[in-house]
Amino acid sequence: MGTGMSYRKAAAAVAVVLSVPSLVAGLSPAAAQAAPPVSCLSSAIVKETLPNGTTWEMCWHMDGRAGLVLDKVYFSAKRSPTPTQVLASIRLGQLNVPYDSGETEFNDLTDYGFGDGNLQTLTGDDCKGGSVRTGSDGGPEGTRRAVLCVSAEPAGLAYRLNDGDPDTPKVYSKQGYDLVLRSISKVGWYEYVSEYRFGDSGEITARLGATGDLSPGDYVKADDGWPIGKGAKDYAAMHYHNAFWRVDFNIGGAGNEKVEQYDTKVNGRGTMGAKLTTTKTAIAKEGTFTTANRRWWRLVSSTSKNADGHLRSYQLVTGANDVYEAHPETTPDVTFTQANPCEKFATGNADPQCPAAKTILDFAKNKETMTDPIMWVRVGFHHVPRDEDQSPMPLHWQGFDLLPRDFTAINPAAPDGRENVDGQPTF
Amino acid sequence: MRYPKSGWVLGVATVSAFLAFGVASWDANAAPSPKPTAAVEQPTVSHPDPGPAPSAGIGQDALTGNELARARTLAETATLKAGGKDVTGAAGVEYLSAGIAEDGAGRTAELYYYDYHGNRLVKQVVDLAGGKLAGSYAATGMQLPPSEREVRTALGLLLANPLAAELKNAYAKATGQAYTGQELTPTAHIYHALPADTGASQCGRNRCLRLIVQTQDGHILDLDKIIVDLSGRTVARLT
């Protein structure tokens with residue numbers, strides 16, 4: 001997916017740490033988990049099997065403010081056939097749009113809403129080749145409309161391996177596919193695509209696309225805009241899209257995930273080159289965090305293990321991300337908070353039950369010990385308009401990936417002939 | 001020595017993958033159409049029949065029409081309405097929205113109302129299975145996105161205000177015709193006062209909207225500077 005290179009770098013770096021005892025503690029086989037219980041109406045279930053045998057199953061609904069919400073996300077695969085829960089839920093947590101002029105600012109989830117009347121009925125090529133699903137638009141009357149697109153889409157080369165057999169060399173080479181769920185919300189002149197891509201090796205990508213039209217009212221002086229149209233007289237306003245997602249894991253259905261931060265630093269030299277050391281920092285209490293070179297976070301189950309006896313986890317992989325440091329609440333890259341039903345939106349939270357909890361900074365302020373961590377991921381995109389943005393504006397995307405780490409003992413889609421490769425080969 | 005052979009094998013795999021993608025993405029417009037390769041994996045998804053509207057949901061399903069009606073009956077108590085005003089100024093409160101409670105046990109609905117008399121946002125928590133009101137909370141200075149009736153009311157307030165001249169000018173500029181009451185399609189969002197605001201500094205404590213108005217022929221009228229204060233039933237122009 002989008003940031004594939006960073007996966008490989010991180011995987012290579014952490015290989016150093018795999019001998020840390022805590023990571024291999026306990027060697028009991030994976031606890032068998034029952035098939036997912038029926039947890040929503042059949043019309044709200046998305047259950048699809050991709051060509052390599054991977055199945056994703058989840059429930060969906062629309063919220064008036066958040067738009068598309070995915071609940072109870074389960075994964076199973078050819079080499080890992082028991083459906084195992086990954087997420088309790090995932091959805092957007094805010095879309096803050098401040099203009100560089102300092103004159104205008106919007107909060108598209110909490111002041112407009114991605115559901116209800118702003119949620120678009122799908123038409124045209126919105127869901128080409130996919131299946132359009134009908135359900136409530138999340139509005140005050142619960143109007144049922146065709147609002148969700150479910151499709152399976154090629155994801156490029158999934159893997160490639162020449163096994164180097166001296167007599168009969170074999171090349172394993174396979175196309176990958178994603179199960180894609182998307183909905184579209186029109187907010188003012190912009191149209192936003194809420195998209196979740198579930199890969200056939202267990203990766204999840206959450207991203208937000210922006211299309212529609214540039215705001216016709218927001219043309220500014222040269223300093224704060226970019227000249228579009230003939231000559232240099234119409235300066236379309238530069239602005240930010242500060243998106244937040246709210247991610248609630250429930251790994252293996254066991255809950256109680258721990259948050260860990262990993263950092264890898266240059267630590268002297270070995271006999272050939274630089275020596276790098278990777279360290280783990282346990283994050284037990286609520287707080288806000290920023291990215292750094294080779295820094296990553298994961299949410300690791302306290303009890304759910306894969307068949308190798310490793311605790312299952314998912315890792316946050318961030319990519320392109322413009323920080324909007326003009327607001328304290330849009331400065332952290334990720335915020336971990338203890339689950340609280342009152343804390344619905346990363347900014348502009350408006351629940352009369354907890355009037356003091358207005359932003360993620362309020363949620364994290366008391367540094368509560370987390371037993372059910374919520375991960376708030378912020379990804380910013382500073383949009384400098386260009387001639388090509390009119391019209392319609394080609395989609396621009398921002399988002400992040402969730403990478404399974406030790407969720408399964410081997411590649412869950414390993415082809416026949418590779419299913420026994422697990423650990424250092426013997427020669 | 002094995003390198004060239006492996007390279008050739010990869011070449012075949014790449015070409016067939018390319019053809020498969022081509023078939024999938026080019027649709028019927030592709031000509032001449034390449035013959036589909038046997039045993040090519042085609043990604044497909046199911047096309048389930050949505051069926052009739054469900055009467056009730058399970059777990060975190062969206063509230064159904066039936067559940068919404070029942071939840072409103074349970075939420076709209078005499079206590080809720082007492083002393084309140086809706087967006088038209090009539091006694092009662094304005095219904096804004098409802099949703100299924102996150103991580104709620106069973107079917108728990110959260111319904112939101114606005115009391116224009118006290119400028120209060122009210123959350124009514126309804127236990128649908130138990131058939132009872134489970135909680136009631138109110139706070140000032142909190143705004144949720146506007147309902148359709150609030151947006152229509154805001155347009156009405158603007159049209160009845162001297163600042164309607166701006167809408168009429170924008171209409172004439174966009175359509176080439178005078179505005180004489182033609183149908184308009186409004187949408188709106190909540191406006192919170194910015195520190196430098198003049199004329200709308202009460203917005204946030206009061207419930208204020210900024211309108212986006214579309215004409216029947218699709219023109220959008222620029223009313224960015226016009227703020228309708230539904231609480232104060234006034235219209236202001238940002239300077």
Side-chain angles (χ1 to χ4, degrees), chain A residues 38-44 48 50-51 59 61-65 69 71-72 88-89 105-106 110-113 116-118 129-131 133-136 138-142 144 150-154 160 162 164 166 169 171 173 175 177 179 188-189 216-217 339 341 344 350-353 355, chain B residues 2 5-6 9-10 13-14 17 20-21 24 41-48 50-51 53-54 57-65 67-68 95-104 120-123 125 135 137-139 141-145 147-148 187 189-192 194 212 220 222 224:
Chain A
V38 176
S39 50
C40 52
L41 292 167
S42 59
S43 58
E48 301 292 342
L50 294 165
C59 302
H61 73 272
M62 294 292 173
D63 177 81
R65 281 176 285 174
V69 184
D71 293 302
K72 300 182 180 69
S89 70
E105 180 161 2
F106 304 104
T110 54
D111 290 344
Y112 294 78
D116 192 8
N118 291 333
S131 162
R133 306 293 168 89
T134 296
S136 164
E141 316 307 330
R144 280 163 59 80
V150 176
S151 65
E153 300 180 4
R160 201 271 181 185
N162 179 343
V171 172
S173 175
Q175 163 81 50
Y177 294 92
L179 174 64
W189 293 273
K344 296 177 168 76
D351 189 330
Q353 195 172 346
Chain B
R2 291 190 300 276
K5 190 179 173 193
S6 302
V9 172
L10 172 64
T14 308
F21 183 73
E41 285 174 343
Q42 290 293 346
T44 56
V45 290
S46 60
H47 293 267
I58 303 170
Q60 300 295 116
D61 277 338
L63 296 165
T64 65
E67 286 176 321
L68 279 164
Y95 171 53
L96 299 182
S97 62
I100 190 78
E102 231 155 51
D103 309 320
R120 300 180 312 150
L121 177 68
V122 184
K123 179 171 92 165
V125 182
Y137 308 90
M142 280 188 184
Q143 305 299 339
L144 257 56
S147 70
E148 199 178 327
T187 58
H189 67 95
I190 292 294
Y191 183 79
H192 298 274
L194 296 169
I212 299 169
I220 292 173
D222 178 11
D224 263 13

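Naming: A, B, ... by sequence-line order, numbering from 1 per chain.
Both the backbone and the side chain of B:Leu121 come within less than 4.5 Å of a heavy atom of chain A. Looking at A:Glu48, only its side chain comes within 4.5 Å of chain B, counting heavy atoms on both sides.
Residues satisfying the side chain to side chain donor-acceptor pair (under 3.5 Å) test with A:Ser131, not counting sequence neighbours, are A:Arg133.
The most heavy-atom pairs under 4.5 Å with chain B, out of A:Asn118, A:Leu50, A:Asp71, come from A:Asp71. Highest contact tally toward chain B, considering only A:Thr110, A:Thr134, A:Asp351, is held by A:Asp351 [criterion: heavy-atom pairs under 4.5 Å]. The greatest number of non-hydrogen atom pairs below 4.5 Å with chain A, out of B:Gly65, B:Ser97, B:Ala139, B:Gly135, is found for B:Ala139. Heavy-atom pairs under 4.5 Å with chain A were tallied for B:Thr187, B:Leu144, B:Val122, B:Thr64; the largest tally goes to B:Leu144. Note: A:Gly130 leads A:Gly135, A:Gly130, A:Gly188 in heavy-atom pairs under 4.5 Å with chain B.
Contact detail for B:Ala138 and B:Arg120: the closest heavy-atom pair is CB-NH1, 3.6 Å. Across all non-hydrogen atoms, the minimal contact from A:Cys59 to A:Ser39 is SG-OG, 3.5 Å.
No more than 12 heavy-atom neighbours from other residues, nucleotides or ligands sit within 6.0 angstrom of CD on B:Glu148.
A perpendicular orientation is assigned to the rings of B:His189 and A:Phe106, their planes being inclined by more than 60° (bins at 30° and 60°).
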